[in-house]
*Asks:* 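Mind looking over this structure? Questions follow.
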Number of protein chains: 2
Amino acid sequence: MAKEKESESKSERILNAAEELFARHGYDGVTMRQIASRAEVDVALANYHFGKKEELFHAVFNRRAEILSATRRKVLMESQKQAGKGKQSLEQIIEAFLLPLKIAQESQEPGWRNYMALLAYVLTSPVWNEVLMPTVFDKRVEEFIDALKSALPDAREEDIHWCYHYVSGALALTLAQTGRIDRLTGGQCKSTDFDTAYNLMIPFVAAGFREVCKPKKKRK
Amino acid sequence: MAKEKESESKSERILNAAEELFARHGYDGVTMRQIASRAEVDVALANYHFGKKEELFHAVFNRRAEILSATRRKVLMESQKQAGKGKQSLEQIIEAFLLPLKIAQESQEPGWRNYMALLAYVLTSPVWNEVLMPTVFDKRVEEFIDALKSALPDAREEDIHWCYHYVSGALALTLAQTGRIDRLTGGQCKSTDFDTAYNLMIPFVAAGFREVCKPKKKRK
DNA sequence: CACTATATTCAACAAGCGTTGAATATACAA
DNA sequence: TTGTATATTCAACGCTTGTTGAATATAGTG
């Protein structure tokens with residue numbers, strides 16, 4: 001047993017164990033000893049490599065955040081190039097934003113699955129959202145909002161932001177993999193089925209954007 | 001000072017303090033001593049009234065869950081009556097589902113605001129969702145899914161469930177009041193502005209439902 | 001008043017927490 | 001080999017945690 005564990009360095013094992021546990025139980029629901037135990041490592045080693053518990057949490061979050069952010073940037077750029085002079089379609093922009101779902105679906109690594117749930121935790125936490133989201137993700141969000149403005153030139157800026165907020169929420173609950181949709185449908189739909197979640201979410205939110213951001217008659 | 005505190009019983013103060021703290025920091029991020037301190041009450045009193053910490057958490061969650069669930073049932077029923085023989089509109093059904101936003105907006109009580117964030121926490125937590133959501137809320141959800149089926153008779157059941165999932169996510173992030181939309185818009189949009197969140201969300205998700213659930217040509 | 005049930009306080013328990021400094025093992029260069 | 005930096009273990013620290021049982025206060029009843 002523990003074949004795969006051998007192929008990873010101990011510090012990687014710590015990050016992976018922490019990722020899995022933080023994703024499920026949140027920052028305060030996990031102890032350093034639980035992390036060390038799951039990583040099959042001494043308790044003091046996590047402190048040695050990453051410093052305090054909070055710094056370990058940052059390290060876990062940032063590790064894949066930077067990968068994700070860089071990929072998002074690349075995908076949006078390519079989509080813009082591909083569209084050439086013509087406007088990008090709403091669907092193309094949204095596809096790029098929903099990239100986390102595609103990454104989690106295509107990579108078989110359970111690490112990415114765990115990270116998706118961790119991302120959902122940070123997104124929905126009043127405490128951690130403020131601390132962790134701005135540093136890495138805010139620039140990408142601005143780029144996406146700009147792309148949306150170009151695709152919806154007549155829209156009010158606030159409407160776009162609120163729609164973006166709804167998309168972000170739908171995405172977050174999907175990433176969280178709470179298993180609720182499985183329970184409600186008796187297993188017919190699966191929380192882990194990012195593929196379907198992705199394919200249906202694109203037309204859903206595209207239609208929402210078009211409805212809310214369409215030119216209005218009057219608004220008092 | 002502490003004028004209002006006097007008008008509440010100590011056990012109410014404990015529930016309110018726990019509600020506020022659990023909503024912001026999660027179950028594990030709050031200690032019994034913090035709750036007691038905020039409620040201006042002895043540490044042992046919370047145990048005396050509510051039992052173990054986990055039982056206190058359940059008490060906090062269930063207190064308003066039952067009110068909310070009952071109101072939801074009533075609103076949906078009335079909306080069905082009002083529609084009479086004709087089908088309910090999608091918008092009417094969604095309005096009823098988004099009731100938590102209206103309650104939080106109309107009641108000035110900060111307690112309801114805190115509870116909204118607690119609800120978001122439970123909705124997005126893989127651990128608590130399974131424990132707390134089924135007992136009170138599942139029956140209401142089934143009723144709503146049924147209403148949606150009537151309004152969208154040609155839709156595939158799975159599509160409806162996935163769309164419901166997106167709505168649930170958008171709602172959850174709104175309830176969470178993370179302050180992210182405030183930061184992204186420089187204060188132009190406000191997390192606490194449930195009124196706008198509600199008014200824009202209805203057309204947004206109604207359009208999404210119609211798009212995803214419209215009769216398809218073919219699907220391989 | 002006395003009696004009783006409920007409410008509240010107090011002090012303390014054992015267990016678990018994050019973190020650290022010193023001791024030891026390992027890897028690699030000279 | 002010896003020397004040195006890095007990696008890992010060990011034992012322990014002071015502190016906080018949830019919870020409890022006994023002591024005390026309060027309220028209501030006869």
*Asks:* Where each residue is assigned the nucleotide of DNA chain C containing its nearest heavy atom, which of A:Thr31 and A:Tyr48 is assigned the position nearer the 5′ end?
*Replies:* A:Thr31
*Asks:* Rounded to the Å, how far apart are A:Phe50 CZ and D:dA7 P?
*Replies:*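 Taking CZ of A:Phe50 and P of D:dA7, I get 11 Å after rounding.
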*Asks:* Return the value, rounded to whole Å, for the distance between atom CE of A:Met32 and atom P of D:dT16.
*Replies:*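 The answer, rounded to whole Å, is 18 Å.
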*Asks:* Would B:Tyr164 and B:Phe209 count as a ring pair (Phe, Tyr, Trp, His ring centres under 6.0 Å) here? Give the steps.
*Replies:* CA-CA 9 Å; B:Tyr164 166 79; B:Phe209 266 106; 8.3 Å; no
*Asks:* Give me the one residue out of A:Arg113, A:Glu106, A:Met201 that meets side-chain contact (heavy atoms from CB on, under 4.5 Å) with A:Phe194.
*Replies:* A:Arg113
*Asks:* Does D:dT20 have OP1 or OP2 under 4.0 Å away from a side-chain N or O of B:Lys52?
*Replies:* yes
*Asks:* Could you give the CG-to-P distance, from B:Leu21 to D:dT17, as a whole number of Å?
*Replies:*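 My rounded result for the distance is 13 Å.
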*Asks:* Looking at every non-hydrogen atom in both residues, tell me the closest pair between B:Ala176 and A:Thr124 and how far apart they are.
*Replies:* CB-O, 3.7 Å
*Asks:* Is it true that A:Arg64 and A:Asn114 share a donor-acceptor pair across their side chains at a distance under 3.5 Å?
*Replies:*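 No.
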*Asks:* Between A:His49 and D:dT8, does any side-chain N or O lie under 4.0 Å from OP1 or OP2?
*Replies:*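 Checking A:His49 against D:dT8: at least one side-chain N or O falls below 4.0 Å of OP1 or OP2.
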*Asks:* How many whole angstroms separate atom CG of B:Asp28 from atom P of C:dG18?
*Replies:*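 Distance check: B:Asp28 CG to C:dG18 P gives 11 Å.
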*Asks:* Do A:Asp193 and A:Thr196 get their side chains close enough for a donor-acceptor pair, meaning under 3.5 Å?
*Replies:* yes
*Asks:* Please state whether the base of C:dG16 and the side chain of A:Arg33 form at least one donor-acceptor pair under 3.5 Å?
*Replies:*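 Such a pair does not exist between side chain and base.
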*Asks:* Looking at the side chain of B:Ala44, which of D:dG21, D:dC10, D:dG18 is the nearest nucleotide?
*Replies:* D:dG21
*Asks:* Taking 4.0 Å as the cut-off, does a side-chain nitrogen or oxygen of A:Lys10 come that near to OP1 or OP2 on C:dT26?
*Replies:* no
*Asks:* CD of A:Gln34 versus P of D:dT17: gap in Å, rounded?
*Replies:* 17 Å
*Asks:* Rounded to whole angstroms, how far apart are CG on B:Leu45 and C1' on C:dA11?
*Replies:*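 Answer to the nearest Å: 16 Å.
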*Asks:* Without decimals, in angstroms, what is the distance between B:Lys53 NZ and D:dT16 P?
*Replies:*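 Those two atoms, NZ and P, are 16 Å apart.
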*Asks:* In whole Å, I'd like the distance from the CG atom of B:Asp42 to the C1' atom of D:dT19.
*Replies:* 12 Å
